[in-house]
Amino acid sequence: ALLNGLCKVGKINEAEVLFHEIMYRDLPADLVTFNTIIDGYCRIGNIDKAFTVKEEMIKKDVSPDTITYNILIRGLCKLGRAQNSMHLLDELIEKKLKPDIFTYNTLLDGLCKLDDRRGAEQLFKYMFENDVLPNVLTYNILIDRYCKDGYLEEAFKLMEDMKNNGISPTTVTYTTLVCGLCKTGQLEEANALFKDMLDKGLPQNVVSYSALIHGFCLHSRMQEAVALLKEMEGKCLVPN
RNA sequence: GUUCCAACG
């Protein structure tokens, strides 16, 4: 817990000192401790040290679990190495561990961010075949990819799919779509969808406002952008 | 107690 606290505030160096102390004195370290420090390294992009710690835990007879793999997979994905992380998925399965929804979402996001929509679609099918059902994040990730590719129709179709599967869209879902509509110049639609969030009882946060404001700015509609900024301040949302 | 998604930068 202490290590996690340090890692979260970007104090990986302090966490590192503490971790070395634990290793040096041969103090007991459990699975969560190892996972936490591995995640700390991944978050600063030091994937090599993350893997080194994975080796260390094995030496201490602590077996990596699905969360360990999820953390490493995410670390690789954030470095744009989603392909490498697919090998980790294979390793995870070889070790008789079960990939969970976090594993799939992380991989899907990594593939999507590499513009590999095909790969993502394949993995999406694969997860169904392995009895892992998509959650709201899974849909959000895919919707984002379709939006960025300009396939707004497909994106909206996915939102319908998620509803049909009993999953409610969130602020992130709407913001993603608002952003997609802005990028394709469909500002009126974006504005309408943004308003829709309120009717659906979803909070409009700083990110949703920013997406729409940015859309208006890109299309030189400054007066509307400023109006939104004021509206946002009126809601005590702090512009960043 | 540890892991997954959206704007701008």
Side-chain angles (χ1 to χ4, degrees), chain A residues 1-8 12 15 19 29-43 50 53-54 57 62 64-78 82 85 88-89 92 97-113 120 123-124 127 132-148 155 158-159 162 167-183 187 190 193-194 197 202-218 225 228-229 232 237-240:
Chain A
L2 178 57
L3 284 173
N4 186 39
L6 289 172
C7 290
K8 282 279 149 68
I12 180 72
F19 179 68
D30 67 3
L31 181 59
V32 174
T33 303
F34 281 113
N35 285 345
T36 303
I37 193 81
I38 289 174
D39 189 47
Y41 280 127
C42 285
R43 281 176 198 279
V53 176
K54 175 179 170 245
M57 70 192 281
V62 179
D65 65 352
T66 298
I67 294 183
T68 316
Y69 281 95
N70 291 347
I71 292 168
L72 289 166
I73 286 170
R74 179 173 189 275
L76 283 170
C77 285
K78 294 290 170 190
S85 62
L88 274 183
L89 174 64
L92 183 158
L97 293 171
K98 292 266 177 232
D100 60 12
I101 187 63
F102 282 60
T103 319
Y104 288 110
N105 285 343
T106 305
L107 277 167
L108 282 171
D109 188 53
L111 291 170
C112 285
K113 296 250 151 62
L123 190 64
F124 186 63
M127 73 184 264
V132 176
L133 295 178
N135 65 12
V136 58
L137 298 198
T138 319
Y139 283 103
N140 288 347
I141 290 163
L142 294 174
I143 287 172
D144 187 48
R145 185 63 260 161
Y146 282 114
C147 282
K148 293 208 159 64
L158 269 178
M159 181 162 74
M162 74 191 276
I167 300 171
S168 305
T170 61
T171 294
V172 173
T173 317
Y174 276 84
T175 303
T176 305
L177 289 163
V178 165
C179 183
L181 289 168
C182 285
K183 292 227 163 92
L187 291 178
L193 192 65
F194 182 77
M197 294 173 70
L202 293 171
Q204 297 159 325
N205 62 22
V206 177
V207 177
S208 9
Y209 270 100
S210 303
L212 192 55
I213 289 172
H214 186 242
F216 279 123
C217 287
L218 282 184
L228 276 169
L229 183 64
M232 162 176 168
L237 291 174
V238 182
N240 57 16

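Sequence lines set the chain letters: A, B, ... in the order given, protein chains first and strands last, and positions in each chain run from 1.
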> Do A:Asn240 and B:G9 have a side chain to base donor-acceptor pair shorter than 3.5 Å?
Replying inline: no
> Out of B:C4, B:A7, B:C5, which nucleotide sits closest to the side chain of A:Asn135?
Replying inline: B:C4
> Within less than 4.0 Å of OP1 or OP2 of B:U3, is there a side-chain N or O belonging to A:Arg74?
Replying inline: no
>> I need the CD1-C1' distance between A:Ile167 and B:C5, as an integer number of Å.
In response: 13 Å
> What residues, two or more places apart in sequence or in another chain, satisfy ring pair (Phe, Tyr, Trp, His ring centres under 6.0 Å) together with A:Phe124?
Replying inline: A:Phe128
>> Please classify the nucleic acid contact of A:Ile141 as base, sugar-phosphate, or nothing, using heavy-atom distances under 4.0 Å.
In response: sugar-phosphate
> Side chains of A:Thr138 and A:Asn135: donor-acceptor distance under 3.5 Å anywhere?
Replying inline: yes
> Rounded to the Å, how far apart are A:Asp39 CG and B:G1 P?
Replying inline: 16 Å
> Within the pair A:Lys148 and B:C5, is there a side-chain N or O less than 4.0 Å away from OP1 or OP2?
Replying inline: no
> Of the nucleotides B:A7, B:U2, B:C5, which has the atom closest to the A:Val207 side chain?
Replying inline: B:A7
> To the nearest angstrom, how far is A:Leu212 atom CG from B:A6 atom P?
Replying inline: 19 Å
> Any side-chain donor-acceptor pair under 3.5 Å between A:Thr106 and A:Asp109?
Replying inline: no
> Contact class for A:Asp30 (heavy atom, under 4.0 Å): base, sugar-phosphate, or nothing?
Replying inline: base
>> Base, sugar-phosphate or nothing for A:Ser210? Non-hydrogen atoms, less than 4.0 Å.
In response: base
>> Could you tell me how far apart A:Asn70 (CG) and B:U3 (P) are, to the nearest whole angstrom?
In response: 11 Å
> So does A:Asn205 reach the base of B:A6 with its side chain, donor to acceptor, closer than 3.5 Å?
Replying inline: yes
>> Rounded to whole Å, please give me the gap between CG in A:Asp100 and P in B:C5.
In response: 14 Å
> Looking only at heavy atoms, which two atoms of A:Val32 and A:Thr36 are closest? And how far apart?
Replying inline: O-OG1, 2.6 Å
>> Of the options B:A7, B:C5, B:A6, whose atoms approach the side-chain atoms of A:Thr171 most closely?
In response: B:A6
> Whole-Å distance between B:A7 C1' and A:Met197 CE?
Replying inline: 12 Å
> Taking the side chain of A:Ile67 as heavy atoms from C-beta outward, which of B:U2, B:A6, B:G1 is closest to it?
Replying inline: B:U2
>> Rounding to an integer number of Å, can you tell me how far A:Leu193 CG sits from B:A6 C1'?
In response: 13 Å
>> Does B:C4 have OP1 or OP2 under 4.0 Å away from a side-chain N or O of A:Lys113?
In response: no
>> Which nucleotide wins on minimum distance to the side chain of A:Asn105, given the candidates B:C4, B:G1, B:A6?
In response: B:C4
> Who passes salt bridge (charged side-chain N to carboxylate O under 4.0 Å, His left out) against A:Arg74, sequence neighbours left out?
Replying inline: none
>> Please report the distance, rounded to the nearest Å, between CE in A:Met232 and P in B:C8.
In response: 14 Å
> Side chains of A:Asp65 and A:Asn35: donor-acceptor distance under 3.5 Å anywhere?
Replying inline: yes
